Undergrad: 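Pasting a structure here, questions to come.
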Amino acid sequence: MGNYIGKSMKRVEDPRFIQGKGKYVANLQLADMAYLAVKRSPYGHARIVNIDTSRAAALPGVIAVYIGQDLVDGGVGAMPCGWNVPDIKVPTRYPLTIDRVRHVGDGVAAVVAESIYTAYDALDLIDVEYEPLPAVIDAREATADGAPLVHDDLPHNISYTWALGNQAETEQALAEADHVVELDLINQRLIPNAMEPRACVAQWNSAMEEMTVWTTSQNPHPIRLLLSAFTLGIPENKLRVISPDVGGGFGSKIFHYPEEIITPWIARAINRPVKWVSTRTEAMMTDSQGRDHVTNCRMGVMNDGTLTGIYVKTWSNQGAYISTFAPLIPTALYITLLSGLYKLRGVYGEMWGTMTNTVPVDAYRGAGRPEASYLIERLVDLCADTVGMDPLEIRRKNLIPAADFPYQTPVAFLYDSGNYHGLFDKLEEIGDYEGMRAAQAAARAEGRVVGVGVTGCIEASGPAPSAVAGSLGSAVGFWESGKVRVHPSGKVSVFTGSHTHGQGHETTFAQVVADELGIAVEDVEIVHGDTASVPFGMGTYGSRSAAVGGSALVRSAEKIREKMKKIAAHQLEAAEEDIVFDRSNGKLYVKGSPDKSKAFGDISFAAYTAHNLPAGLEPGLEETSFYDPANFTFPNSAHLAMVEIDKETGEVKLLSYYAVDDVGKVINPLIVRGQIVGGIVQGVGQALWENGYYDESGQLLSGSLLDYAMPRADGFPTFVVDRIETPSPHNPLGVKGAGEMGTIAGTAAIAGAVMDALKPFGIRHLEMPYTAEKVYRAMHASNGGGD
Amino acid sequence: MYPPKFDYQRAQSVADAIALLGQNRDAKLLAGGHSLLPVMKLRLAQPDALIDIGRLAGIKGIQMEGDRIVIGALTTHAMVAAAEGLPTVLSEAAGWIGDPQVRNRGTVGGNVAHADPASDLPTVFTALHARFHIAGPNGQRVVAADDFFLDLFTTALAADEVLTAVVVRAEQPGTGSGYAKMFNPASRYAIVGAAAVVMVENGLCKAASVAVGGLTPRATRAAAVEAALTGQPLNADSIAAAAQAVKNDLNMDELLGDIHASAAYRYEMAPVFVQRALTKAAERAG
Ligand SMILES: Cc1cc2nc3c(=O)[nH]c(=O)nc-3n(C[C@H](O)[C@H](O)[C@H](O)COP(=O)(O)OP(=O)(O)OC[C@H]3O[C@@H](n4cnc5c(N)ncnc54)[C@H](O)[C@@H]3O)c2cc1C
């Protein structure tokens, strides 16, 4: 096959990042630039009695000060929701709030000034009179009678409800089970913290009436669409959105944000380029946050360990406003995953999406799927305990057999392919599960507190197809564009509608196209992130880029090969069917006579000179495809972790971690390993450290990195990562998503390990994160654990 | 974030710095900037002027003068961690401060002058009976550790004084020391930090010096622990028993708590970390 697919190649983008040569939005300096800063609410919930901007406006160097009503009067529209589940109520949201602040960090005014320092000085001079209101921060408590209303027009703070599954069958499956385990659990709030904070620069060309917006987005085309059709009102053909190098997103840079609207609106108003760069403090209170579910769940199990069904009720905290794709996450990316890797008779979930006085919540790496995996895997462990079975054994017993694929779950998904028993075989091979259990027993005999967590997780990646997404409430499609331009010299530029912000597309996609065309990987350049040069594309999220964006490139490359064959046939005086395109070296030759051949560059050149083309064939060598996949792909994994708890302090230490993932065909094992390991680290972060912590009034108490605990390298052992490859039949590359599996499994594996460690203490459940004090208190409140 | 306007002056000498401080009562000294600049960027501190002492070579570095060790105020944590011949408790604590950037820029003087209750060095210097050399408009003065740290973010330094050095004694034969720390998982400051120095003679603890920090507004001398150990043989049991006595040294009303660790939890952790510090110190005493 190809020369590159399947090879670990170092990322071509890394030298520029490592040498500080990346070009980020914040690096952009334009002549005559002005600087924007946003005045933000210090309250979780308050009525705005009055805003006096006069002192700020009078400060020398201040160009203008705007409040929410100014934007609305200036034509700014309300921010739309991009995923409208049936009967959803989407509260009205403007880029700057007008009547009330609904979360700490809610924007109330914007200052544009000659320098960023002046802009910040001016913020201190804006006098906002607030009348603090009672706040609500918990997703379930928000629905209680008498709870403060975040939006007056959303009774009980409910934005939407959603349900999926065979409810009656599930109830019966539980009723007929020998045991039903029940658990109330919380999947806590997380703050994404991409390394690069968000930023936006806008430049208005008053002569052409054209706007250029540079923004830190994972998907510049959808942002342009939203700006054009909903918020800013500049037509798409007069609006260029550029998302250059972006330093991480993890989902938080998918969404349409207020500053992306305010910055170009002001640039046009003052007819000068304007720059806004988020501070870390702002990022913590304005970037969309993740998770935050309150759940009651039940699982049925027979005495022999057969799992019968799962029944889930979840309250999903949407925060103060509905972020762009917020309703998608806890519905079609969560309840649809509740079957896990298991063959279950009944699967049913229902969901309340509720409003609270917290930062809006939306997709964060894993997005719905970690929430599903965490609760499934907790329940499976409790089932194992109940029937006295080993956690690995109960999982093996209930895995969907390889022969059952494609497998239809009771919650809509048709799993594409998998070899779940093979995953666990491989895991036992690399992880020595038996040995770990023996080590645990020995440690326990010494009085140490050691636990082993084993977990099997499913992911749905590359949301698709577009028609189904539409029927589920999506305002956009989930196809991807890919354009391959072969230059006369045979060098290739590739234009992808997906966007890389750390995933390494510039390397992976070059590997794909180089193999498709039989050329050197160095001869392929990947272009992305600019609506002026790239065909409309959907961007990167949901582990979709290789499966959907990569497939679009395969399709375009196929078209290129076809056209080149036509030209070669003409020049070699052979029938088109007799031309072979040798994908190992890009040569085109006549079947049976390899000496009658043309080099790749000969044909590309001929395509542009057009001196000798077949009759009727257009000159040029450039092809575009819009690829709409038939279905999601379903990556899956088996992970194994061992932890030790310091008995005296409650501190948890991760001792070892083994991961086997099936992400389908692997294009670049080095990059996939990086994705898996990085994902696991984020997953472990949720289990052990991270917590977006609000007090009752809606104050964000973990609003800086002094208090929000991110994972650090010294908290981790060396990872042992391996894989099996079951190609997905749903795309020409056979790939599944690789970006989120680590996060999905990492949290569940650590949860399993910590709870396993605490089993001798009679502790059935603790909420994440497993902080030292929480674990210590639990151990000391119990009588178990010996001495 | 962005601080409000301030003036900036670079001092040419310690005397110059003192003179500049005298001229501007709202000025602040700038050393490595790792504590001061963050609070300025958050606009929690708004000094009119910064007087940069960061380049004053004369108060940077470590000098051994017999068994006196003179640590210039501008010595970085990385230099302390790497230096030979310092009390182990000090090298150990310095090596665990923050991360490499913080250790390469942050200074000993800035750390103790800032007097963050979660800092490690105040606890260590209390246990080491360090002496703080201070230069001011009226000349030099020397303040003992117990009198230097006064309260949360408050020291004996007057607004127009410069800390020039911290002086500790080299470890004598038969002496061992150690630092034990519960790290705040976010900031890496101490949730509880314990510093212990023990001197062993003929199998008995001749002298012990112990301090705890992180959980009180200022580093707390663990006098009850010291008393419980002095004259006793040093073994696991005696150390465990003595460590418990730290609870007598702590004033329940002053204990600090936050979202990472409640005051009550820190109170229970104090003996654990005192015990760990003492255990290391006793082992190292040989
Ligand atoms: C991310 C991070 C993690 C950290 N983790 C830890 C930790 O784990 N443990 C720990 O102990 N500390 C920790 N610190 C604190 C760090 O040790 C201090 O910020 C640093 O040592 C302060 O020194 P500086 O030279 O940067 O002081 P500056 O910030 O320049 O000054 C701090 C204060 O001291 C005053 N000052 C400075 N020098 C003098 C002097 N010679 N005389 C009089 N006043 C002076 C200044 O005016 C200012 O008020 C951490 C800091 C950061 C940013």
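Given the structure is predicted, the values throughout are model-derived calculations rather than measurements. Both backbone and side-chain heavy atoms feed into the values below; hydrogens, waters and symmetry mates do not. By convention in this document, chain letters (A, B, ...) are assigned in the order of the sequence lines, proteins followed by strands, and residues within each chain are numbered from 1.
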Undergrad: Rounded to the nearest 0.5 Å, how far does OG of Ser262(B) lie from NZ of Lys774(A)?
TA: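 Reported to 0.5 Å precision, the distance equals 13.0 Å.
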Undergrad: Please look at Glu282(A) and chain B and tell me whether the side chain, the backbone, both or neither of the residue comes under 4.5 angstrom of a heavy atom of that chain.
TA: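 No part of it gets close to chain B.
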Undergrad: Does Tyr265(B) reach the main-chain N or O of Thr649(A) with its side chain, forming a donor-acceptor pair under 3.5 Å?
TA: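 Checking the backbone N and O of Thr649(A) against the side chain of Tyr265(B), a donor-acceptor pair under 3.5 Å is found.
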Undergrad: Do you know which of Ile116(A), Val277(A), Asp695(A), Leu123(A) has the most heavy-atom pairs with chain B at a distance under 4.5 angstrom?
TA: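 So the answer, after comparing Ile116(A), Val277(A), Asp695(A), Leu123(A), is Ile116(A).
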Undergrad: Chain B heavy atoms under 4.5 Å from Tyr120(A): which part of the residue, side chain, backbone, both or neither?
TA: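 Contact with chain B: backbone and side chain both.
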Undergrad: Tell me, for Asp124(A) versus chain B, whether the close heavy atoms (under 4.5 Å) come from the side chain, the backbone, both or neither.
TA: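 Only the side chain of Asp124(A) comes within 4.5 Å of chain B.
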Undergrad: Please classify the contact of Pro38(B) with chain A as side chain, backbone, both or neither, using a heavy-atom distance under 4.5 Å.
TA: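 Neither; nothing under 4.5 Å.
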Undergrad: Taking all heavy atoms of Pro185(B) and all of Arg712(A), pick out the closest pair and write down the distance.
TA: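 Taking Pro185(B) first and Arg712(A) second, the nearest heavy atoms are O-NE, 4.1 Å.
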Undergrad: Where do Ser187(B) and Leu706(A) come nearest, in terms of heavy atoms and distance?
TA: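 Taking Ser187(B) first and Leu706(A) second, the nearest heavy atoms are CB-CD2, 3.4 Å.
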Undergrad: Quick check on Leu701(A) against chain B: is it the side chain, the backbone, both or neither that has a heavy atom closer than 4.5 Å?
TA: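 Both parts, heavy atoms under 4.5 Å.
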Undergrad: Given a strict heavy-atom distance threshold of 4.5 Å, which part of Asp714(A) is in contact with chain B: side chain, backbone, both, or neither?
TA: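 Contact with chain B is through the side chain of Asp714(A) alone.
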Undergrad: Tell me, for Ala37(A) versus chain B, whether the close heavy atoms (under 4.5 Å) come from the side chain, the backbone, both or neither.
TA: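 For Ala37(A), neither part sits under 4.5 Å from chain B.
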Undergrad: For the residue pair Thr771(A) and His260(B), establish whether any side-chain heavy-atom pair is separated by less than 4.5 Å.
TA: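 No, too far: nothing below the 4.5 Å cut-off.
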Undergrad: So, are Asp646(A) and Arg276(B) salt-bridged, with charged N and O less than 4.0 Å apart?
TA: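 Looking at Asp646(A) and Arg276(B), the cut-off is met.
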Undergrad: Does a sphere of radius 6.0 Å around NZ in Lys280(B) hold more than 12 heavy atoms from other residues, nucleotides or ligands, not counting ones at 6.0 Å or beyond?
TA: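 Count over threshold, so yes.
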Undergrad: Quick one, Arg777(A) and Glu268(B) - any side-chain contact, counting heavy atoms below 4.5 Å?
TA: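 Yes, side chains in contact.
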Undergrad: I need the minimum non-hydrogen distance between Met182(B) and Ala772(A), along with the two atoms involved.
TA: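 For Met182(B) versus Ala772(A), the nearest heavy atoms are CE-CB, 4.0 Å.
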Undergrad: Which heavy atom of Thr281(A) sits nearest a heavy atom of Leu42(B), and at what distance?
TA: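 So the minimum-distance heavy-atom pair works out to OG1-CD2, 3.7 Å.
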Undergrad: State the CG-CD1 distance between Asn691(A) and Ile259(B), to the nearest 0.5 angstrom.
TA: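 It comes to 7.0 Å.
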Undergrad: Counting only heavy atoms closer than 4.5 Å, note whether Arg280(A) contacts chain B via side chain, backbone, both or neither.
TA: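 Contact with chain B involves no heavy atom of Arg280(A) at all.
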Undergrad: Under the side chain to side chain contact (heavy atoms under 4.5 Å, CB included) criterion, do Asp121(A) and Arg43(B) qualify, and how do the steps go?
TA: CA-CA 10 Å; Asp121(A) 286 346; Arg43(B) 300 193 171 217; 2.8 Å; yes
Undergrad: Check whether more than 12 heavy atoms from other residues, nucleotides or ligands sit under 6.0 Å from atom NZ of Lys247(B), and answer yes or no.
TA: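 Yes, NZ of Lys247(B) has more than 12 neighbouring heavy atoms, counting only those of other groups under 6.0 Å.
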Undergrad: Using a cut-off of under 4.5 Å for heavy-atom pairs, which of Met1(B), Lys41(B), Arg188(B) has the most such pairs with chain A?
TA: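 Option with the greatest count: Arg188(B).
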Undergrad: Does Glu767(A) CD have over 12 foreign heavy atoms under 6.0 Å away?
TA: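 Above 12, so yes.
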Undergrad: Look up atom NZ in Lys5(B) and atom OG1 in Thr118(A), then write down how far apart they are to the nearest 0.5 Å.
TA: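 Separation between the atoms: 6.0 Å.
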Undergrad: For atom OH of Tyr693(A), is the number of surrounding heavy atoms from other residues, nucleotides or ligands below 6.0 Å larger than 12?
TA: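 12 or below, so no.
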Undergrad: Should the pair Tyr2(B) and Tyr117(A) be assigned to parallel (<30°), tilted (30 to 60°) or perpendicular (>60°) ring geometry?
TA: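 Geometry flag for Tyr117(A) against Tyr2(B): perpendicular rings.
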Undergrad: Could you grab the distance from atom CE of Met269(B) to atom CD of Glu648(A), nearest 0.5 Å is fine?
TA: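 It comes to 8.0 Å.
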